[in-house]
Amino acid sequence: MFSYRHAFHAGNHADVLKHTTLIALMKYLTQKDTALTVIDTHAGAGLYRLDGDYTETSGEAQEGIFRLLSEPKAAAAPVKKAPAATKTAAAGGAKPAAAPGWAPALQDYIDLLRGLNPQFAETGDIAHLKIYPGSPFIEQQFLSGRDKLKLFELHPTDFKSLSGNIEQLGVGRQVAVSREDGFEALKTFLPPPARRAMVLCDPSYEMKSDYGRVATCMADAVKRFATGTYVVWYPIIPRPEAHDLPRKLKTLAVKAGRSWLNAALTVKSSKLTTDTTGEVIRPGLPASGMFVINPPHTLKAELQAALPQMVALLGQDRNAGFTLEHGG
Ligand code: SAM
């Protein structure tokens, strides 16, 4: 059985990138009149406590959402204007320069957190930020009556929490929760009835085989339903499978003649260091990315504005930076 529990990681810098991107996607895709089917292949527990034992033990939210929100002045300042080129890197510790307030995509993310944390919304005090939404709750917030959300989660404890959290929303059959393998289950939902779908594939990559399964699953999904929007989160770590995954996804999109976007956020060096006693210190997750097949045309501009702010606020050393590429 898996040992990965997203509660340890909720609100970390990878969630900031993933959930800001997810909100921008959901906001755009739910504007149309035709029904949208949203499929979340690896849903997690749905809601997390930021003051719970898991989060406090790992401290990851401190390097993510709390760090983002703890410097309001920095956020109210500068956004670097991205060059026209498709690839942009803000490294070398350079702080972004120019443009007031939060980028719209980050503002939407913060507004969603405010909606779940009324005391935080009222006071602006991050000590009152206690509830963090996972991808299912983010997706659900944007649905209208005609849309459907299918959630898959294999871990028995997280499945139980997810089912309970979704039940509390009282949304009936609009949201379905299943304890099934999300990679396999996806096949049965494509193509969707109204021929509009967004799929989030966000495994824990706890097993090395997840990297290969993501690539195979996405290739199969694009074959079954070429016009769906497919969203993959991936870790950027020194491991060949991790390095290969975005390259494989890009090849698959190009071969299928689909447009694609790849956004990556680095917050620190991936190098091992030693403390004063000579003990090796592992840096934790230094970077992650979001690969989107068939992105809405608005997504690149949204991320081009948000990523420099993430770098400025979440960056921990001179390796911090972002890349944003697209094609097709
Ligand atoms: N998407 C969630 C979010 O953003 O809030 C986080 C998901 S977490 C990174 C990955 C989840 O996938 C874990 O809760 C894990 O138990 C679950 N999982 C692992 N393998 C799975 C599989 N084959 N099918 C469905 N869920 C799986």
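Start at 1 and go down the list; that is how both ligands and their atoms are numbered.
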* Structure fact -> ligand 1 atoms nearer than 4.0 angstrom to some heavy atom of Leu154 are 21 (C), 22 (C), 23 (N), 24 (N), 25 (C), 26 (N), 27 (C)

* Kindly indicate whether the side chain of Phe225, heavy atoms from C-beta on, has any atom under 4.5 Å from the side chain of Arg195. => yes

* By side chain to side chain donor-acceptor pair (under 3.5 Å) - contacts of Arg247 (at least two apart) -> Asp244

* Asked: Are the aromatic rings of Phe291 and Tyr234 close, with centres under 6.0 Å apart?
  -> no

* Asked: Hey, are the side chains of Leu68 and Trp102 touching, using non-hydrogen atoms and a 4.5 Å cut-off?
  -> yes

* Exam field: side chain Arg213 to backbone Phe183, donor-acceptor pair closer than 3.5 Å -> no

* Structure fact -> Those residues at least two apart in sequence (or on a different chain) that pass salt bridge (Lys or Arg N to Asp or Glu O under 4.0 Å) with Lys150 are none

* Structure fact -> Checking heavy-atom distances from atom 2 (C) of ligand 1 to each of Pro133, Cys217, Ser135, Gly46, the winner is Ser135

* Check each atom of ligand 1 against the heavy atoms of Asp158 and keep those under 4.0 Å away; list them by number with element. => 14 (O)

* Asked: Under 3.5 Å between some N or O of ligand 1 and some N or O of Pro203?
  -> no

* For Asp202, the ligand 1 atoms whose distance to one of its heavy atoms is below 4.0 Å -> 1 (N), 2 (C), 3 (C), 4 (O), 6 (C), 7 (C), 8 (S), 9 (C), 10 (C)

* Do Thr41 and Asp202 have side-chain heavy atoms sitting under 4.5 Å apart? -> no

* N/O separation below 3.5 Å, Asp15 to ligand 1 -> no

* What atoms of ligand 1 come within less than 4.0 Å of a heavy atom belonging to Ala43? -> 1 (N), 2 (C)

* Asked: Hey, does Glu180 sit under 4.0 Å from ligand 1 if you only count heavy atoms?
  -> yes

* **Sub-4.0 Å atoms of ligand 1 with respect to non-hydrogen atoms of His19** => 3 (C), 4 (O), 5 (O)

* Sub-4.0 Å heavy-atom approach of Arg5 to ligand 1 -> no

* Where ligand 1 meets Lys18 - atom numbers and elements under 4.0 angstrom, heavy-atom basis -> 3 (C), 4 (O)

* To do: Would you mind reporting whether Leu149 and Asp147 have side-chain heavy atoms less than 4.5 Å apart?
  => no

* Asked: Within a reach of under 6.0 Å around CG of Asp125, are more than 12 heavy atoms found that belong to other residues, nucleotides or ligands?
  -> yes

* Does Thr41 come within less than 4.0 Å of ligand 1, judged by its heavy atoms? -> yes

* Which of the atoms of ligand 1 are close to Gly134, meaning less than 4.0 Å from one of its heavy atoms? -> 5 (O)

* To do: Using distance alone, determine whether Ser204 and ligand 1 share an N or O pair under 3.5 Å.
  => no

* From Arg179, His42, Glu184 - option closest to atom 18 (N) of ligand 1 by heavy atom -> His42

* To do: Heavy-atom contacts with Gly182 under 4.0 Å: which atoms of ligand 1 show up? List them by number with element.
  => 22 (C), 24 (N), 25 (C)

* Measure up the Tyr109 and Tyr132 rings against each other and bin them: parallel (under 30°), tilted (30 to 60°), perpendicular (over 60°). => perpendicular

